[in-house]
Amino acid sequence: MEKRNKCKELSVDLRETIVEKHGQSQGYKSISKDLNVPVSTVRNIIKRFTAHGTVANLPGRGRKSKINEKLQQRIVRMVDKEPRLTSKQIQADLQTQGTTVSARTVCHHLNEKGRYGRRPRRTPLLTQRHKKARLEFAKTYVTKPQSFWENVLWTDKTKVELFGIGHHGTVYRKRNEAFKEKKTVPTVKHGGGSKMFWGCFAASGTGCLDCVNDIMKSDDYQRILGHNIVASIMGLPTEQRPETHFKKHSEMVTNKALESSEMASN
């Protein structure tokens, strides 16, 4: 018999062919020669079919999992309660309970339950006062018609990094590619710096853009309002007072500047 290539297991079709040939009163050696399968394998397949009536893999084969369904649910509850737990911390906790598994095994079980490790999204730091104010704002304006929002000018500011990126990212690479130029993030010792910009927009389009050179104070904000708000309102079909959420608006002088801008736009 020719040397047969090694494989993990025979296909179900090949097993059924062996059973079919045996049902035709063909001997083990003859089947082994025709299908290039060891005689011992033919014998075991026929024996399994005689005992269980099937050639498919029986349940319960292979190594038993150390993490059962109950323990898996416990791991899921742990990460649901504390999402910042690492797989190594969970591994250490399980080891104290007498279950020794690898951190990779913990990750596999979490993935089966739809929990995947991801970088957390960056969101503004909101206190209870901020949350309460936002909820009151939403309740006040939730019933406003679309025509109302078409007459509102929104303002905000944003920071733009002049060099590099301002957040952590993920790259996919092979081994020994950690320092390839395409796989790295360039940095400089002096930091790179950033620029703050102020802008506004309405439903009908965008307004003016202004650069904030330093920390924005009330005087700086009034200067921006005087230079840009009126020009933006005149360039857009906006009639109502601009809506913003800067803390500077709580100051009386800034509110007066807004009132002046409103009168100038009218």
Side-chain angles (χ1 to χ4, degrees), residues 5-19 40-41 43-142 158 164-180 182-185 245:
N5 295 330
K6 292 184 178 180
C7 64
K8 292 184 179 180
E9 62 180 10
L10 300 182
S11 65
V12 176
D13 293 338
L14 185 56
R15 299 176 197 175
E16 291 176 350
T17 303
I18 292 174
V19 173
S40 58
T41 302
R43 184 184 303 110
N44 292 335
I45 291 175
I46 299 300
K47 184 177 179 181
R48 181 193 303 176
F49 180 79
T50 304
H52 303 284
T54 180
V55 294
N57 293 333
L58 300 176
R61 299 172 68 251
R63 178 183 175 183
K64 301 296 185 295
S65 176
K66 291 185 177 181
I67 299 181
N68 54 26
E69 184 67 23
K70 184 178 180 180
L71 190 56
Q72 189 181 50
Q73 292 294 339
R74 179 171 174 268
I75 295 174
V76 171
R77 287 194 299 269
M78 290 172 62
V79 296
D80 288 345
K81 183 178 180 180
E82 183 54 54
R84 297 185 182 276
L85 279 178
T86 64
S87 57
K88 289 187 177 181
Q89 290 175 330
I90 299 175
Q91 176 194 18
D93 183 79
L94 294 178
Q95 192 167 3
T96 59
Q97 303 296 328
T99 303
T100 303
V101 294
S102 66
R104 185 181 294 273
T105 300
V106 174
C107 291
H108 287 168
H109 282 276
L110 288 174
N111 293 346
E112 288 181 3
K113 293 298 182 178
R115 274 69 171 179
Y116 300 92
R118 297 290 187 267
R119 288 190 180 275
R121 299 291 178 88
R122 293 190 174 189
T123 57
L125 179 60
L126 301 179
T127 63
Q128 291 298 327
R129 179 175 60 86
H130 295 149
K131 295 177 181 179
K132 183 179 179 181
R134 291 192 174 195
L135 181 59
E136 291 176 355
F137 176 86
K139 289 181 178 179
T140 302
Y141 293 97
V142 67
T158 185
I165 56 176
H167 60 87
H168 296 285
T170 302
V171 295
Y172 294 94
R173 55 179 173 81
K174 300 178 182 179
R175 289 187 177 183
N176 303 323
E177 290 185 350
F179 293 98
K180 281 192 174 183
K182 191 176 180 180
K183 312 286 185 175
T184 60
V185 177
H245 303 287

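- With sequence neighbours excluded, the residues forming a salt bridge (Lys or Arg N to Asp or Glu O under 4.0 Å) with Glu69 are Lys113, listed by chain and number.
- Going from atom NZ of Lys47 over to atom NE2 of His52 covers 9.5 Å, rounded to the nearest 0.5 Å.
- Looking at every heavy atom in both residues, Thr100 comes nearest to Gln95 through OG1-CG, 4.2 Å.
- The shortest side-chain heavy-atom distance between Thr41 and Ile18 does not fall under the 4.5 Å cut-off.
- Shown here for Ile46 and Val19, the closest heavy-atom pair between the two residues is CD1-CA, 4.0 Å.
- Here Asn44 pairs with nothing under the side chain to side chain contact (heavy atoms under 4.5 Å, CB included) rule; sequence neighbours left out.
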Side-chain polar contacts of residues 79-87 - donor-acceptor pairs under 3.5 angstrom, sequence neighbours left out - could you list them?
unit_1, atom_1, unit_2, atom_2, d
Asp80, OD1, Arg115, NE, 3.2
Asp80, OD1, Arg115, NH2, 3.4
Asp80, OD2, Arg115, NH2, 2.8
Thr86, OG1, Gln89, N, 3.2

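- Between the CG atom in Leu135 and the OG1 atom in Thr140 there is a gap of 9.0 Å [rounded to 0.5 Å].
- The shortest non-hydrogen separation linking Ala103 to Lys88 is CB-CG, 4.1 Å.
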Check: Under the side chain to side chain contact (heavy atoms under 4.5 Å, CB included) criterion, do Ile90 and Leu110 qualify, and how do the steps go?
Finding: CA-CA 11 Å; Ile90 299 175; Leu110 288 174; 4.3 Å; yes
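- With sequence neighbours left out, the salt bridge (Lys or Arg N to Asp or Glu O under 4.0 Å) criterion links Arg74 to Asp93.
- Side-chain contact between Gln128 and Lys132 is absent, with no heavy-atom pair separated by less than 4.5 Å.
- Closest non-hydrogen pair, Val101 versus Lys66, comes out as CG1-CB, 3.9 Å.
- Here the shortest heavy-atom pairing between Gln72 and Ile67 reads N-CG2, 3.7 Å.
- Here Gln73 contributes atom CD and Asn68 contributes atom CG; the two are 10.5 Å apart, rounded to the nearest 0.5 Å.
- In this structure, the side chains of Asn57 and Arg15 come closer than 4.5 Å at one or more pairs of heavy atoms.
- Qualifying side chain to side chain contact (heavy atoms under 4.5 Å, CB included) partners for Thr158, counting only residues two or more places apart in sequence or in other chains: none.
- When the side chain to side chain contact (heavy atoms under 4.5 Å, CB included) test is applied to Thr127, the partners found at least two apart in sequence or on another chain are Arg129, His130.
- Rounding to the nearest 0.5 Å places CD of Gln91 at 10.5 Å from CD1 of Ile75.
- When all heavy atoms of Arg48 and Ala56 are compared, the pair lying nearest together is NH1-O, 3.8 Å.
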